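What follows is a set of notes on a single structure, which appears directly below.
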Amino acid sequence: MPYLLLLLLASQPVVADLSSARQAELLNMLKHDCGSCHGLPPKGGLGPSLMADAIADKTDALLFDAIQNGRAGTAMPAWRPFLNAEETHWMIQRLRQP
Ligand code: HEC
């Protein structure tokens, strides 16, 4: 039974539990922090476009890694100190919305 529960939990979208206050903070961060390099809307600037069509062929894993760990040797910083896994997935889903 606990195993079944774990399976169920694992198959749920990880983005469901963020409070609306935290979601607002993340949106604000996307605009101001990410936007300062990726543009607003994020059509690209110092960093590449993060528009839905531009990232359509990139996997969640690739985007997740870029956001959490940054890209060494580029201006892209690691956001791990500020975004947990759930929040990072939420942002990715948000970016994927047209
Ligand atoms: C100081 C500038 C800067 C800021 C701030 C910044 N980025 Fe970036 N980002 C970059 C650059 C430059 C790259 C390209 C790195 C490379 O050449 O691989 C990048 C790459 C990425 C990529 C990989 C895109 C791809 O096509 O491979 C993602 C995803 C991303 N950034 C998301 C974010 C998010 C989300 C935020 C805000 C939480 C953010 N970035 C904030 C500069 C920035």
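Ligands are counted one by one from 1 in listed order, and the atoms in each one are counted from 1 as well. What you see is a predicted model, and the numbers here were worked out from it, not measured in a lab.
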Exercise. Under 3.5 Å, N or O to N or O, is Lys58 touching ligand 1 that way?
Worked result: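 For ligand 1, there is an N or O atom that lies under 3.5 Å from one belonging to Lys58.
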Return the [atom1] to [atom2] distance between [X] and [Y], rounded to the nearest 0.5 Å.
X: Leu18; Y: Glu25; atom1: CG; atom2: CD; value: 10.5 Å
X: Glu87; Y: Ile92; atom1: CD; atom2: CD1; value: 12.0 Å
X: Leu63; Y: Leu95; atom1: CG; atom2: CG; value: 8.0 Å
X: Arg22; Y: Asp17; atom1: CZ; atom2: CG; value: 14.0 Å
X: Met91; Y: Ile67; atom1: CE; atom2: CD1; value: 7.0 Å

Problem set entry | atom 29 (C) of ligand 1: nearest protein contact (heavy atom, Å) |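 In this structure, atom 29 (C) of ligand 1 has Leu63 CD2, 3.7 Å as its nearest protein heavy atom.
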Exercise. Which residue supplies the protein heavy atom nearest to atom 12 (C) of ligand 1, what is that atom called, and how far is it?
Worked result: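 Closest protein heavy atom to atom 12 (C) of ligand 1: Leu46 O, 3.6 Å.
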Can you sort out which atoms of ligand 1 are near [X], meaning under 4.0 Å from one of its heavy atoms?
X: Leu62; result: 27 (O)
X: Asp33; result: 5 (C)
X: Thr74; result: 15 (C), 16 (C), 17 (O)

List the atom pairs, donor and acceptor, that lie under 3.5 Å between side-chain atoms in residues 45-57 and the rest of the protein, sequence neighbours left out.
unit_1, atom_1, unit_2, atom_2, d
Ser49, OG, Pro42, O, 3.4
Ser49, OG, Met51, N, 3.2

Problem set entry | Pairs where residues 26-65 contributes a residue and the test ring-ring contact (aromatic ring centres under 6.0 Å, His included) is met, not counting sequence neighbours |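 Checked against ring-ring contact (aromatic ring centres under 6.0 Å, His included) - neighbours excluded - the pairs reaching residues 26-65 are Phe64-His89.
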For this session: Sorted by first residue and then second, give each side chain to side chain donor-acceptor pair (under 3.5 Å) pair with at least one member in residues 59-70; sequence neighbours left out.
Result: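 Qualifying pairs, neighbours excluded: Asp60-Arg96, Asp65-Asn69, Gln68-Thr88, Asn69-Arg80.
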Problem set entry | Distance below 2.8 Å from atom 8 (Fe) of ligand 1: protein N/O/S atoms |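 N, O, S partners closer than 2.8 Å: His38 NE2, Met76 SD.
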Exercise. Is there a side-chain contact (heavy atoms from CB on, under 4.5 Å) between Asp33 and Trp79 once you walk through the steps?
Worked result: CA-CA 10 Å; Asp33 297 287; Trp79 294 91; 3.7 Å; yes
